[in-house]
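What follows is one structure encoded as structure tokens, with my remarks underneath.
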Amino acid sequence: MSALLQVRELSRHYGLRVGCEDVSFELHPGELLCIVGESGSGKSTLLNTVAAQLSPSSGSVRYRQRSGHWLELGALSEADRRRLAREEWGFVTQNPRDGLRLNVSAGANVAERLMALGMRNYSQLRHIARGWLERVEIDPSRIDDAPTSFSGGMQQRLQIARTLVTQPRLVFMDEPTAGLDVSVQARILDLLRRLVNELGLAAVMVTHDLAVARLLAARTIVMQGGRVVETGLTDQILDDPQHPYTQLLVSSVLTT
Amino acid sequence: MTTTHFAYNFAFLDEDTKRMLRRALLKAVAIPGYQVPFGSREMPLPYGWGTGGIQVTAALLGPDDVLKVIDQGADDTTNAVNIRRFFSRIAGVATTEHTADATLIQTRHRIPETSLREDQILVFQVPEPEPLRTLEPREAETRTLHALADYGLMHVKLYEDIAQYGHIATSYDYPVLVDGRFLTSPSPIPKFDNPKLDRSPALMLFGAGREKRLYAIPPYTQVQSLAFEDHPFEIQHWEHQCELCGSGESYLDEVVVDDRGTRMFVCSDTDFCSGRRLEAQA
């Protein structure tokens, strides 16, 4: 099966400082890849560069469209980049307040991407929005409530619904469970795992939490100082870490 | 022509400023609905009172023009009286209250009921030219959205209306798509007037003084009010008729006439109303 996303020797610098350096990986349809590493290791820079929200300093990112045609993201016009982000991709931010439109109702948040794709039938939009609220375990009767009246965990689930409603092929997630308490985290991870399986979507997820990687990802990339220090099957990396930094990461997880 | 104030240039603005305005207006007419930036000047009235409209009018006025100024449909309210008197003193042009006699009509928040002609120009005063502003505060972003014709966001607002009130409750400044391309604010006219924008024989110019933007709807341009398939665009309807002229098809104002809450409904377009009353007497 051919890959969905190809990242080749990707680097992103901030002036003289290194964001990420010489990163290569491939992502296949239906695969969930985790990028782990400590704070400041370049995880988010890598994610944003791959998602074409930052322009790379060198290297390339290629994406295979629904049509089977390969796109070179660096050569994409702003209009095409936005079309891609709207029609084939999704992005879930760490803080749901960054990804949601807080001054409109939950239903409008879910329906926005559908309207951007040209859907102009109100009852149909309502119907789909209700269905998605249910799917992410939000009471559909709260469809007209403002997201500000939701708890942090609900807001994050709303953001997931809003992102997945257009059935994207590829989703980028930047620490979607950070800042939530453990029981809420567990529910969201459970939900994500279910949805990823149901929809067969590919995802790149950034996390500093190794347990999240263990739970969701088949493959994991470990980063330190902007570079990839280890990559492989998640279980292999967590059970038999080779690189000293990975060994440190694994050993610093609290066990009960 | 009576030029009573020799201390000022004809129609207040200097000729270079008028040229700048005319160039911006030509560009606006060439790209229907596109907001053209211009160097807005200080005018002798406060922002929000029509500084944009008054500059457009000043750039267009010639000695032979006949000017009409309306505010919420009326010729006799403060804003209308002041602007009309300003131009009659500073440019010495003839003024009128009759829509049919005017060559240039500056308006705040209404389009006259009387149909306009090809030889007339309507100038709108615009407080906020950007229809997406309440949804997207960043100017750089709204400009990008216009450039890419990415207007799904506007429907979020209409969606919210239906979700909260059961129908599209936006009743004025109702967003339109001009010439199938640019999302445009029609200025705060009631949506009752939106159909008059579509393929109007008269040129329509819009000036926003504080926001420093001009835009235009050229004659016979298609203007479409946004809506949902299952919630189509609708204009206001009244169960009343005008109590002065009996009109059942004009835009009505509700006026409280005493302190016991008695109300009457009258035409908002004073010229239209008095014309009908004269006709009825004759």
Side-chain angles (χ1 to χ4, degrees), chain A residues 52-53 76-87 89-90 97-130 132-133 138 140-149 158-159 161-163 165-166, chain B residues 31 34 128 130-171 173-178 180-183 191 194 222-234:
Chain A
Q53 301 200 341
L76 230 50
S77 69
E78 171 80 3
D80 286 337
R81 193 185 66 71
R82 282 182 182 241
R83 190 196 54 75
L84 202 61
R86 197 165 61 215
E87 292 176 8
W89 291 1
R97 283 156 187 271
D98 296 335
L100 290 173
R101 203 170 280 286
L102 290 173
N103 51 359
V104 300
S105 67
N109 267 289
V110 178
E112 180 180 342
R113 272 168 69 98
L114 293 171
M115 291 190 263
L117 293 185
M119 196 181 283
R120 294 286 180 267
N121 188 306
Y122 178 77
S123 13
Q124 208 178 339
L125 288 166
R126 288 291 272 191
H127 181 74
I128 298 175
R130 268 211 195 86
W132 267 96
L133 289 182
I138 295 174
S141 69
R142 300 202 61 180
I143 186 167
D144 292 332
D145 291 357
T148 41
S149 70
L158 182 63
Q159 193 194 183
R162 166 187 162 89
T163 307
V165 67
T166 51
Chain B
I31 317 172
Y34 173 72
E128 174 51 78
E130 180 49 71
L132 296 165
R133 182 60 70 234
T134 50
L135 298 148
E136 177 50 68
R138 291 168 296 177
E139 174 71 12
E141 181 63 15
T142 53
R143 283 200 211 183
T144 310
L145 293 177
H146 282 296
L148 302 175
D150 188 355
Y151 294 140
L153 193 53
M154 198 70 237
H155 275 85
V156 172
K157 180 165 187 286
L158 301 180
Y159 171 98
E160 276 298 274
D161 264 11
I162 306 175
Q164 284 184 27
Y165 306 107
H167 62 279
I168 299 179
T170 304
S171 59
D173 207 350
Y174 192 102
V176 294
L177 197 64
V178 174
R181 176 59 183 85
F182 280 101
L183 182 69
K191 64 179 170 184
N194 272 23
Q222 186 199 44
V223 178
Q224 214 180 327
S225 303
L226 299 187
F228 284 103
E229 286 161 9
D230 46 351
H231 285 263
F233 174 75
E234 277 175 354

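Just so we're on the same page: letters track the sequence lines, and every chain starts at 1. Bear in mind that the values here come from a model prediction, so they are computed numbers and not experimental data.
- Ranked by heavy-atom pairs under 4.5 Å with chain B, the first of A/E78, A/R82, A/Q124, A/R101 is A/R82.
- A salt bridge does not link B/R133 to B/E141: none of the charged nitrogens lies less than 4.0 Å from a carboxylate oxygen.
- Atom CZ of A/R142 is separated from atom CG of A/L158 by 10.5 Å, given to the nearest 0.5 angstrom.
- Considering CD of B/E234 and OG of B/S171, their distance stands at 13.5 Å, rounded to 0.5 Å.
- Neither the backbone nor the side chain of A/L117 comes within contact range of chain B; no heavy atom of the residue lies under 4.5 Å from a heavy atom of that chain.
- No other option in A/R83, A/E112, A/M115 has as many heavy-atom pairs under 4.5 Å with chain B as A/M115.
- Between B/N194 and B/F233 there is a side-chain heavy-atom pair separated by less than 4.5 Å.
- No other option in A/N103, A/N121, A/I143, A/L125 has as many heavy-atom pairs under 4.5 Å with chain B as A/N121.
- Residue-level contacts of residues 142-154 of chain B with chain A, in order of numbering, are B/T144, B/L145, B/L148, B/D150, B/G152, B/L153; threshold 4.5 Å between heavy atoms.
- Remark: B/D230 engages no residue in a salt bridge (charged side-chain N to carboxylate O under 4.0 Å, His left out) (not counting sequence neighbours).
- Interface remark: A/R113 contributes no atoms to any contact with chain B (heavy atom separation under 4.5 Å).
- Between the side chains of A/N109 and A/R162, at least one donor-acceptor pair of N or O atoms lies under 3.5 Å.
- Proximity to chain B is limited to the side chain of A/R86, based on heavy atoms less than 4.5 angstrom apart.
- Contacts of B/H231 with chain A are made by side-chain atoms alone, with heavy-atom separations under 4.5 Å and no backbone atom involved.
- Shown here are the salt bridge (charged side-chain N to carboxylate O under 4.0 Å, His left out) partners of A/R97, two or more places apart in sequence or in another chain: there are none.
- For residues 152-162 of chain B, the set of pairs meeting the salt bridge (Lys or Arg N to Asp or Glu O under 4.0 Å) definition, not counting sequence neighbours, is empty.
- Note: B/F228 and B/Y159 fail the aromatic proximity criterion, with ring centroids not under 6.0 Å apart.
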